[in-house]
There are 2 protein chains.
Amino acid sequence: MLTIGKLGNAAGVKVPTIRYYEQIGLLPEPERSAGNQRLYGKSALERLAFIRHSRELGFPLEAIRDLLSLSDRPDQSCAAADIIAKDQLAAVDARIARLTALKAELERMIAQCAQGTIADCRIIKVLGDHSHCSQDHRISEAVE
Amino acid sequence: MLTIGKLGNAAGVKVPTIRYYEQIGLLPEPERSAGNQRLYGKSALERLAFIRHSRELGFPLEAIRDLLSLSDRPDQSCAAADIIAKDQLAAVDARIARLTALKAELERMIAQCAQGTIADCRIIKVLGDHSHCSQDHRISEAVE
DNA sequence: TCTTGAACCTCTATCTACTAGAGACATTAG
DNA sequence: CTAATGTCTCTAGTAGATAGAGGTTCAAGA
Ligand SMILES: [Zn+2]
Ligand SMILES: [Zn+2]
Ligand SMILES: [Zn+2]
Ligand SMILES: [Zn+2]
């Protein structure tokens, strides 16, 4: 049995984060020692590792919640898991597209700065007026 | 003079967001009408447009605060503005790098799924164990 | 002039995914 | 036994807004 600190070390997750996951129902309430300290077994470690890795791949906690409940039903079709993963891929693609547009605009802005005074600075000018921009980085404001 | 709704329309910013910017000191407190409603002039519109465009380019509000105070001192060197913009570009680059690694891993994962049961699903397997991954998407966890 | 409806006011709470700290109890090493 | 570390609960804070409650003000039509 692992204390919360050992579990955190083993899974690469900080202790307060583990308690947070328990609080929001992502991890089940574990056993307690005589002194009221949490004690975890192997399955908790696996579950936490699953959560951590999913977070590293950018899945939101709600998606992870769904993935976990899917993984508890091994006989079912994995179509639902597929959909979640594809949604995540689409979200990542959208972010990359947006960030790439931002990057181009930032580079253009920085390249045009002549290192003079604020009054002449292209960076300040461009920030004040989108018409100085070359691209439509305004699209898909929802994502970032 | 513009009411808050007209200002929001003109700048493309929602009304509660304008009040929020005022609350955190990013916009100065405007005049009020006899009935206590906010009234804005041209300079407030310019300032708000600057904020909006900077947000669209991904600058955090604290950076925008600094940029605004720079733009109030037209005679100064723009070196500080340059640094802020370059920092932002570096942050965008880091995010793109991380997201690109995630994208590759997600695509690999999805491609390997044979559309069978959860028990055999590569998506679930990979999420449970990073050693199934081909890349080090773990690096630079701080950013996303 | 009266009235309706939109726009405005303040204040509080909510969202994501945690992180930090206070003050108290438990455990372990020396 | 004591000191250090670990753990407990609880609250509050982070970014950048958004949403709602409950109340006022404004502009236009009848
Ligand atoms: Zn410049
Ligand atoms: Zn622009
Ligand atoms: Zn599958
Ligand atoms: Zn991995």
Side-chain angles (χ1 to χ4, degrees), chain A residues 1-27 29-40 44 48 50-68 87-88 91-92 95 98 141-144, chain B residues 1-27 29-40 44 48 50-68 87-88 91 95 98 102 141-144:
Chain A
M1 292 308 243
L2 299 164
T3 62
I4 196 169
K6 311 275 184 193
L7 178 71
N9 265 3
V13 176
K14 286 174 191 153
V15 167
T17 304
I18 297 173
R19 288 196 277 249
Y20 169 72
Y21 287 162
E22 178 185 327
Q23 191 197 315
I24 65 170
L26 209 56
L27 287 175
E29 294 187 15
E31 297 178 50
R32 297 289 181 128
S33 72
N36 198 36
Q37 301 195 345
R38 291 170 179 83
L39 290 178
Y40 297 92
L48 184 56
F50 185 100
I51 296 170
R52 189 204 164 180
H53 196 214
S54 302
R55 285 295 299 132
E56 286 171 345
L57 287 164
F59 287 89
L61 290 181
E62 276 317 296
I64 296 172
R65 194 188 293 275
D66 295 341
L67 287 166
L68 281 167
D87 283 354
Q88 172 62 11
V92 168
R95 286 194 199 180
R98 166 141 165 81
E141 298 161 32
V143 183
E144 192 201 344
Chain B
M1 291 308 240
L2 299 164
T3 62
I4 196 169
K6 310 277 185 194
L7 177 70
N9 265 3
V13 176
K14 286 174 192 152
V15 167
T17 304
I18 298 172
R19 288 195 277 248
Y20 168 72
Y21 288 162
E22 179 185 327
Q23 191 197 315
I24 64 170
L26 208 57
L27 287 175
E29 293 187 16
E31 298 178 51
R32 298 287 182 131
S33 71
N36 197 37
Q37 301 196 346
R38 291 171 178 82
L39 290 179
Y40 297 92
L48 184 55
F50 185 100
I51 296 171
R52 188 205 165 180
H53 196 214
S54 302
R55 285 296 298 133
E56 285 171 345
L57 288 164
F59 287 89
L61 291 181
E62 277 317 297
I64 296 172
R65 196 188 293 275
D66 294 342
L67 287 166
L68 281 167
D87 284 354
Q88 172 62 10
R95 286 194 197 178
R98 166 141 166 82
L102 295 196
E141 298 161 33
V143 183
E144 190 199 346

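Lettering follows sequence order; numbering is per chain, from 1.
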query = Do B/Phe50 and B/Ser54 have side chains that get closer than 4.5 Å, going by heavy atoms?
reply = yes

query = Can you check whether A/Ser33 reaches A/Leu39 side chain to side chain, under 4.5 Å on heavy atoms?
reply = yes

message = Assess the residue pair A/Tyr40 and A/Ile18 against the criterion (side chain to side chain contact (heavy atoms under 4.5 Å, CB included)); give the C-alpha distance rounded to whole Å, side-chain angles, the decisive distance to 0.1 Å, and a yes or no.
response = CA-CA 11 Å; A/Tyr40 297 92; A/Ile18 297 173; 3.6 Å; yes

Using the 3.5 Å cut-off, write out each protein N or O paired with an N or O of nucleotides 19-25 of chain C and the distance between them.
| residue | atom | partner | partner atom | Å |
| --- | --- | --- | --- | --- |
| C/dT19 | OP2 | A/Thr17 | OG1 | 2.7 |

For residues 60-67 of chain A, tabulate all N or O donor-acceptor pairs below 3.5 Å that involve a side-chain atom, not counting sequence neighbours.
| residue | atom | partner | partner atom | Å |
| --- | --- | --- | --- | --- |
| A/Glu62 | OE1 | A/Arg65 | NE | 3.3 |
| A/Glu62 | OE2 | A/Arg65 | NE | 3.1 |
| A/Glu62 | OE2 | A/Arg65 | NH2 | 3.3 |
| A/Arg65 | NH1 | A/Ile24 | O | 3.1 |
| A/Arg65 | NH2 | A/Ile24 | O | 3.0 |

request  = Kindly say if A/Ser33 contacts the phosphate of C/dA26, meaning a side-chain N or O under 4.0 Å from OP1 or OP2.
outcome  = no

Check: B/His53 and B/Glu56 side chains under 4.5 Å, non-hydrogen atoms = yes

ask   = With a 4.0 Å cut-off, would you call B/Arg38 and B/Glu22 a salt bridge?
value = yes

task = Using a 4.5 Å cut-off on heavy atoms from C-beta on, say whether the side chain of A/Ile51 contacts that of A/Leu27.
result = yes

inquiry  = I need the CD1-C1' distance between A/Ile51 and C/dC18, as an integer number of Å.
reply    = 14 Å

ask   = Between atom CZ in B/Arg38 and atom C1' in C/dC9, what is the gap in whole Å?
value = 7 Å

ask   = Can you name the nearest heavy-atom pair linking B/Gly5 to B/Val15, along with the distance?
value = CA-CG2, 3.9 Å

request  = Measure from CG on B/Leu39 to P on C/dA7 and round the result to the nearest Å.
outcome  = 16 Å

ask   = Between B/Asn9 (CG) and C/dA6 (C1'), how many Å, whole number?
value = 13 Å

request  = Walking along DNA chain D from 5' to 3', note the first and the last nucleotide with an atom under 4.0 Å from a heavy atom of chain A, and give both.
outcome  = D/dG6 to D/dT9

task = Starting from the 5' end of DNA chain C, give me the residue, A/Asn36 or A/Pro60, whose nearest nucleotide shows up first.
result = A/Pro60

ask   = B/Leu2 CG to C/dA7 P: how many Å, rounded?
value = 15 Å

request  = Give the rounded distance in Å between these two atoms: CZ of B/Arg19 and P of C/dA7.
outcome  = 13 Å

message = Under 4.0 Å, heavy atoms only, any strand: does A/Phe59 hit a base, just the sugar-phosphate, or nothing?
response = nothing

request  = Find out whether B/Gln88 and B/Leu57 are in side-chain contact, i.e. whether some heavy atom of one side chain is under 4.5 Å from a heavy atom of the other.
outcome  = no

key: Spacing between A/Ile24 atom CD1 and C/dT14 atom C1', to the nearest angstrom   = 15 Å

inquiry  = Between B/Ala34 and B/Glu62, which residue's closest nucleotide on DNA chain D lies nearer the 5′ terminus?
reply    = B/Glu62

